[in-house]
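Everything numeric in this text was worked out from a predicted model, so none of it was measured. Labels below follow one simple rule: chain letters A, B, ... track the order of the sequence lines, proteins then strands, and each chain is numbered from 1.
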Number of protein chains: 2
Amino acid sequence: MAISSRFSVAVHILSLLEISKTERLTSEFIASSVNTNSVVVRRIMGMLNKAGIINTSPGVARAMISRPIAQISLLDVYLAVEIDHQDHLFSIHDKANPNCLVGKNIQHTLEQRFTQAQRAMENELASVTLEQIVTDLLVQDSSIPSTMTTINKG
Amino acid sequence: MAISSRFSVAVHILSLLEISKTERLTSEFIASSVNTNSVVVRRIMGMLNKAGIINTSPGVARAMISRPIAQISLLDVYLAVEIDHQDHLFSIHDKANPNCLVGKNIQHTLEQRFTQAQRAMENELASVTLEQIVTDLLVQDSSIPSTMTTINKG
DNA sequence: GATCCTGTAACTATTATAGTTACAGGTATG
DNA sequence: CATACCTGTAACTATAATAGTTACAGGATC
């Protein structure tokens with residue numbers, strides 16, 4: 001299976017919070033932009049909160065991004081929501097036969113190489129900031145000047 | 001979820017085939033080294049066969065690696081067995097609200113960045129050959145000179 | 001022809017994801 | 001302070017991927 005859509009949803013949420021930072025967005029409203037359930041949004045925002053990327057307050061729609069978005073990388077977001085992959089993106093079969101040369105050494109050998117591949121991916125994510133993402137979103141959207149006014153809440 | 005262990009098992013199988021290339025390895029025997037079921041091995045070998053990395057013959061234990069292992073990269077193996085990830089390692093939520101600036105543009109924006117991260121990972125895998133893996137396995141195993149003679153078939 | 005092996009279908013168990021309902025408890029405002 | 005709204009979270013469901021297992025048709029070999 002691939003890396004979950006929690007990652008892309010998290011970036012979506014953060015972009016919304018930034019672009020609409022003067023407004024108070026409810027999880028219900030954010031969910032209507034993502035097109036999912038509000039609990040899914042609150043769940044992911046809970047992860048972002050726990051990771052220190054946003055600050056949320058129980059009972060009130062006032063999620064604040066905790067630092068300038070130029071200082072938040074995609075890797076920060078990725079690590080916040082892809083908890084299972086923090087350690088290892090690649091699975092390695094772990095019960096190989098120790099009486100076999102290959103079985104005995106394959107795990108360690110692959111771990112080295114897989115870690116390197118994972119690091120390359122993570123470095124790429126680390127090189128992109130939320131600021132760049134928001135800029136991309138705004139540049140791509142040349143036709144609609146207003147940001148959130150026309151959102152369809154249905 | 002992480003990248004499946006099919007990848008690591010596939011590298012295991014190929015390493016075994018290379019190191020024991022003078023012998024005829026049955027899927028049952030390979031399975032005892034990987035410590036899994038022989039059907040799992042045959043399934044993965046079927047994928048490697050379909051990808052042109054090995055040549056198998058129905059009914060006979062004679063899988064042959066199709067070209068010198070210096071010409072087979074980890075990426076080749078990865079693409080052979082991680083069919084779902086060939087296109088996209090990262091999932092992107094795909095029904096975002098088109099009436100919202102973020103929802104309208106997030107998919108395309110993230111696709112660009114995610115593809116770059118995926119490419120970085122794949123390039124790393126492409127830079128490692130099966131020959132290097134087999135060398136690693138042999139170097140790490142300084143104590144046991146014989147390769148497969150002591151394998152425990154139980 | 002007997003035996004061994006591969007290839008593959010079919011089934012099960014396990015796990016992750018994502019959506020949903022429900023609700024306890026915080027917050028705010030009139 | 002009462003009402004209304006919102007968050008945080010538990011619990012459940014549906015779906016899908018992975019991996020293991022049994023079973024068997026059919027190829028290969030002696």
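- Comparing B:Ala61 and A:Gly59 by the nucleotide of DNA chain C whose heavy atom lies nearest to each, the residue mapping closer to the 5' end is B:Ala61.
- One interatomic measurement links the two molecules: CZ of A:Arg24 to C1' of D:dC6, which rounds to 12 Å at whole-angstrom precision.
- The NE2 atom of B:His93 sits 10 Å away from the P atom of C:dG19 (whole-angstrom rounding).
- No side-chain donor from either of A:Ser57 and A:Arg62 sits under 3.5 Å from a side-chain acceptor of the other.
- The environment of CD in B:Gln112 is crowded: more than 12 heavy-atom neighbours from other residues, nucleotides or ligands sit within 6.0 Å.
- Between D:dT7 and A:Thr56, no contact under 4.0 Å exists linking OP1 or OP2 to a side-chain N or O.
- B:Gln107 and B:Glu111 form no side-chain donor-acceptor contact under 3.5 Å, judged by distance and modelled atom types alone.
- Among residues two or more places apart in sequence or in another chain, the salt bridge (charged side-chain N to carboxylate O under 4.0 Å, His left out) test is passed with A:Lys50 by none.
- Regarding contacts with the backbone of C:dT6, every side-chain N or O of B:Ser57 stays at 4.0 angstrom or more from both OP1 and OP2.
- Atom CD of A:Glu82 and atom P of C:dA16 are 13 Å apart (whole Å).
- Legend: residues meeting salt bridge (charged side-chain N to carboxylate O under 4.0 Å, His left out) with A:Arg67, ordered by chain and number and at least two apart, are A:Asp76.
- B:Phe114 and A:Phe7 have parallel rings, their planes meeting at less than 30° on a 0 to 90° scale where 60° marks the start of perpendicular.
- The separation between A:Asn37 atom CG and D:dC12 atom P is 17 Å, rounded to whole Å.
- At least one side-chain nitrogen or oxygen of B:Ser4 sits closer than 4.0 Å to the OP1 or OP2 atom of D:dA19.
- For residues 40-51 of chain B, proximity to DNA chain C is found at B:Arg42, B:Arg43, defined as any non-hydrogen atom under 4.0 angstrom from a strand atom.
- Of the candidates D:dT9, D:dT7, D:dA28, the closest approach to any side-chain atom of A:Ser27 belongs to D:dT7.
- Closest contact between the side chain of B:Arg62 and the listed nucleotides D:dG27, C:dT21, D:dT29 involves D:dT29.
- Look at CZ on A:Arg6: it is 13 Å from C1' on C:dG19, rounded to the nearest Å.
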